[in-house]
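All chains are named by letter (A, B, ...) in the order of the sequence lines, taking the proteins before the strands, and each is independently numbered beginning at 1.
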There are 4 protein chains.
Amino acid sequence: MKLKLAMIGGGQGAFIGAIHRIASRIDDHYELVAGAFSSNAEKSRASGLALGVSPDRAYTSYQELIEKEKQLPEDERVQVISIVTPNHVHFEPTKLALENGFHVILDKPMTFSLDEAKELEKVVKSSGKLFCLTHTYTGYPMVKEAKQLIASGKIGKVRKVYVEYPQGWLSTFLEGEDNKQASWRTDPGKSGIAGAMGDIGTHAFNLAEYVSGLQTTKLNADINVVVEGRKLDDDGAVLLKYDNGASGVLMATQIAAGDENNVKIRVYGETGGIEWQQDIANTLLVKYLDKPTEIWRTGGGYTSSFVTGNMRAPAGHPEGYLEAFANLYKNFALTVKASIEGKEAEAVWLDFPGVEEGVRGMAFVENVIASGKSDKKWTDFVI
Amino acid sequence: MKLKLAMIGGGQGAFIGAIHRIASRIDDHYELVAGAFSSNAEKSRASGLALGVSPDRAYTSYQELIEKEKQLPEDERVQVISIVTPNHVHFEPTKLALENGFHVILDKPMTFSLDEAKELEKVVKSSGKLFCLTHTYTGYPMVKEAKQLIASGKIGKVRKVYVEYPQGWLSTFLEGEDNKQASWRTDPGKSGIAGAMGDIGTHAFNLAEYVSGLQTTKLNADINVVVEGRKLDDDGAVLLKYDNGASGVLMATQIAAGDENNVKIRVYGETGGIEWQQDIANTLLVKYLDKPTEIWRTGGGYTSSFVTGNMRAPAGHPEGYLEAFANLYKNFALTVKASIEGKEAEAVWLDFPGVEEGVRGMAFVENVIASGKSDKKWTDFVI
Amino acid sequence: MKLKLAMIGGGQGAFIGAIHRIASRIDDHYELVAGAFSSNAEKSRASGLALGVSPDRAYTSYQELIEKEKQLPEDERVQVISIVTPNHVHFEPTKLALENGFHVILDKPMTFSLDEAKELEKVVKSSGKLFCLTHTYTGYPMVKEAKQLIASGKIGKVRKVYVEYPQGWLSTFLEGEDNKQASWRTDPGKSGIAGAMGDIGTHAFNLAEYVSGLQTTKLNADINVVVEGRKLDDDGAVLLKYDNGASGVLMATQIAAGDENNVKIRVYGETGGIEWQQDIANTLLVKYLDKPTEIWRTGGGYTSSFVTGNMRAPAGHPEGYLEAFANLYKNFALTVKASIEGKEAEAVWLDFPGVEEGVRGMAFVENVIASGKSDKKWTDFVI
Amino acid sequence: MKLKLAMIGGGQGAFIGAIHRIASRIDDHYELVAGAFSSNAEKSRASGLALGVSPDRAYTSYQELIEKEKQLPEDERVQVISIVTPNHVHFEPTKLALENGFHVILDKPMTFSLDEAKELEKVVKSSGKLFCLTHTYTGYPMVKEAKQLIASGKIGKVRKVYVEYPQGWLSTFLEGEDNKQASWRTDPGKSGIAGAMGDIGTHAFNLAEYVSGLQTTKLNADINVVVEGRKLDDDGAVLLKYDNGASGVLMATQIAAGDENNVKIRVYGETGGIEWQQDIANTLLVKYLDKPTEIWRTGGGYTSSFVTGNMRAPAGHPEGYLEAFANLYKNFALTVKASIEGKEAEAVWLDFPGVEEGVRGMAFVENVIASGKSDKKWTDFVI
């Protein structure tokens, strides 16, 4: 059984929408049957056609999509809606979709503001519908394994977290060159109060909390606008305190000229450490005080079901970013199906980011920008 | 427009069939509508159902599939057939499919014997249908770029080729332990005269000729059965001579205990060299006599259309094995569609392995096994 | 001509003294002829004997060494004194040596306090003698090349500096286990006010300023004592501001369980970046906005004289830590010899850390510890 | 006590002589007191002076050196002679030195021909003097550890050996450009019958036998002269059979354009494998069938005395080629001293290459060149 999927946003020329669609197809749990790909009827229809969506289900607004789909017979109606619009068009369609009985997959950061995020949390809870926020990095098998190992005590009590997310693509004033991606991401009207911190800082923040199992309690941020003329931050570094007393460093920048997107996390505990980086995503380094560092590999056969349940190819056949993204879609699908069938979802399936991570992410955005502007050294992480 | 796809083989429990299906889905050019997944009717139907294939198109033999599909109206009928059976069931279904008007995607090695391969070449040519052999490694963007760079003279005349394909999974007598993959791959009745040489040696051979642009003229092989009781080679090393006078070394083994599947190729010319390995698939090293080695990356923006046309995610978001496989499917689909529409296919689309590569691959199998048994040092590469 | 060398500290069982001696021997510019290896006469003599030092020149105090050596005829007398004692015994012997006409090589951090450091700066200047502080990492050829490239504008105006120095060896309460190295380094009476910040933070600080060519103006530090019972910091992270407006992050820790000593620096400018790490010390990555990253190598032939003048083995024969240390000794020796011969020293020779770097290093120690204790976010870097 | 050392060859402008001298100094076991640095008296004296050798002990021939030194009182006389001349001047001085009571360190390959090698073996044995052949790669701590692990059964019975030594520096006709190193190494009158095979093939051959603990029984070689006009081989690949039934591949080339000198060895056994490469010399990968690969590091604390006894700096401070070379000198010195003192040498000290390795190396040269010319596939490895 495939789940019937609709998409809001992601028309021709968009970047992340195409990624979501690939992710939805890889494991064959979804069938894209509807979409509001563009507010321009012609564009929406053309986008839909190219994607095999029937013209009568290529809508011109999310309101129309939700309203019309709701009226369809249950066995035709969309079950899951993917929302891949810019940040300022996250909250309203998500709320409307949930309130009208649709499960939702939403691109990060969750909302335009923390207030919206908290409001959305209530909506998710009251709706009883399932919700997934696409923090892709938590979809990597070895990121999941790192979390599991740490949770199992493999490295002892966590003491230190280093997470970094260096990009270089905004090293120049790209938003002045008719670059669609650069334009909305640096536009406060579309991105919100944060640029790099919202775009990639939230990924790093989420990754650190996910892997370490810790929650941030205080932060101390240096937030910069490096490129002249830019309206939002393009660089930042944040010192962190966690609820168990550990400390951390988060580095996220979009002006690391020559760097691409090599997300990396290191967590150290009392008796060992773990290290993962996206460039060699199928590898996890596990470190010990008195033994050789081990190279854990996705196909190794000694990993938990959080790895084996999130990979497709045999040992030594690298999977990457699209498969990590697909793991979010797959696990969400299996959870939705279990819900439909009244069965209990497995722990591996439930391991996708939800609305709580979204609220924490938006709290990060607001707290980190506030800290960046503050003369106070340490500010409480408030939600 | 999606191409209608059928699959022969690849029922529940099979490995490579699932990979083919993912590859077919990633870029959304195919719709799986039929299959002969198993000779057991129940199993075929169950496999089909799980894949969204209507029960009346889940056949129990390739003959039935081809016969029945042929009778369907053109707009319902399957257009492309994927054949993912063990080697001994490659030739007949492929021949029948081609002769009945279907385009074919076939798993490697192409046939059970060189004779079959040569016969198949004739069939492909006389049928006028399109044919793709899934030598996956040629689907990697950076492997394609390596070929293009060398063809453009970037490293001068090629002098030396090193290609290696080390695996460790057959280090023990796995075929004695009810392992399906190990069993047929080490069974002369199913694999043919070669084990490792057919399974992975052909990949290495193909990769070397593809990237270097050279053709093998002589070879000198050391072929071994290392694990006691095994019926086919599980290890080999081959010295090679190429048509431009260059020499090469090919190493393929399945008893490299602890190794996974890290295919690697290095080619050296008069003025530089290239190096690629699957573990860091999005990277190509380009070497020079008097300049720093360069790290070419898939998203770098300085690559040819053979890279940009074969990637999906932006710079620094790694793609892997499934995407390389998907590139074969995508390029084949675009070529088939161009053919259907009477348009000319682009060079990037046409860059998939075909029947000539298949014939050369089977010639490699026969030549290398013969050389392994021969006392003669250098034997001509004969087809 | 070899320079006559004496050593203060570094008796049997010491660690860094042995490293200094190897460094002094590699390029054959020194002859160890005297030493105050221990305050115990027997131990000093035994240490000296094992090192080929005549018993009458194995002194029991630095005062005795300086006094007696001064009385020797000029052609017998020590010319350079290496001081390798713990931090609290740096200032006095260095001052005395300089004031009595000896050139000095001193282990880092320069002194016990900033006040001592500033006083020492005056002594160095008034003495007219040469002084080298062994910030080893600036002795690596590729660190030097990074500095030269940045100074030449290769990456444009510097915007961001990341420097990290993770160690794991103090993850447990090693000072409770009769470990000599751990004991003095965690003892405020011997190390001063800082533990990790003085021991390795100063290296990271110096490396960042050396490579970037920038000077720190503000800092914001998180300084931690992680291991229970420890008296000095064993972990810290520091946000930095530089005099050209760039920002930086410095991470130094001794509780990164499983890590060894992999110092790493990344500097990004407007048009590119550099990356160096000690584990692959003979490599420097040079990054660009629109071109492939380049792997610069010590033996590449395209580097400056700051590389070729600081290496010994041909391309591809790795040199390491001891050679980096030896480069400090070599360059200091060549500078001393030039001074003796009244010649001008070459720029490559003069590229060793001196008293100004020492003052800045001690200022870092005091500023960073103060910042760690302060509620103020950004504090000026004051000397 | 330092050993009195003389050097034959290695005058100003020579490459390997300088490396030997650094190696001799690092651990302070030698004092260079004499030399026959050049047959030109003026040059020999100048070279000696620059090295601190008294003019009356800067000889103009090895004969003079040996004769005169022999006449000196025992406590002044040279004890060890290092011979660093081109291959054609290895045998005679070594023989004369041994027969006159001097211990000898000789650069590889041992002699000009196998006949000389066998003759030298007799001389060494009859002389009762100690002899070291500088196969540097066996001086790396992690190469030693690999040997020890394999000998201890860590990876089970060895099945496969891959050893490679790619260089690119002879990619052009360098010997036509007044390059001293290129000239003698490609000159049959000075190098003997082999170029690359003698220069670097012998290193690879020795490394493979040393690490694996196996002896070669058969070989099958492809030997090439790639660069036009060159008189000796500059490229080769060799298939090998070992005495326990294992097989191997040896690749050595000097025309791998863009490559430097990254010697690499992989050995696979029934239950695991090891991998080492010079570029990351302080690391040894240890592989298992069912466990994660381990990254063994020189300073890890879990290694044998063959590591701890052959390193100087603490964990994470990389040592390199010069230290590997120094380990040969150090171990030889400790063995010579033990011999002088009538004590038994420790196993770690005795782990340096000797005359038997030299004979096997020269047998490799002759066998490999003969095999290269032969039409016979497998030829016995004969001595």
Rounded to the nearest 0.5 Å, how far apart are CD of E31(B) and CD of E31(A)? 8.5 Å
Engaged part of F15(A) at the chain B interface, taking heavy atoms whose separation is under 4.5 Å: side chain
Bottom line for I280(A): the part with an atom under 4.5 Å from chain B's heavy atoms is side chain
Rounded to the nearest 0.5 Å, the CD atom of E323(B) sits from the OH atom of Y321(A) at a distance of 11.5 Å
Might you point out which heavy atoms bring H317(A) and N261(B) nearest each other, and give the distance in Å? NE2-ND2, 3.0 Å
Using modelled atom types only, decide if a donor and an acceptor are shared between the side chain of Q278(A) and the backbone of G316(B) within a distance under 3.5 Å. yes
Would you check if I26(B) and R25(A) make a side-chain contact, meaning some heavy-atom pair closer than 4.5 Å? no
So how far is it from R21(A) CZ to R312(B) CZ, rounded to the nearest 0.5 Å? 14.0 Å
For the interface with chain A, which of D28(B), I22(B), I19(B) has the highest count of heavy-atom pairs at distances below 4.5 Å? D28(B)
Report which part of A313(A) has an atom under 4.5 Å of a heavy atom belonging to chain B: side chain, backbone, both, or neither. both
Whatever's closer than 4.5 Å to a heavy atom in chain A on A18(B) counts as neither
Of the listed D27(B), N282(B), T283(B), the one with the largest count of heavy-atom pairs under 4.5 Å with chain A is D27(B)
Among A326(A), A315(A), A281(A), G300(A), residue most engaged with chain B (heavy-atom pairs, under 4.5 Å): A315(A)
Got R297(A) and D279(B) here, is their nearest side-chain heavy-atom distance under 4.5 Å? yes
Here the gap from E260(B) atom CD to T298(A) atom OG1, rounded to the nearest 0.5 Å, amounts to 6.5 Å
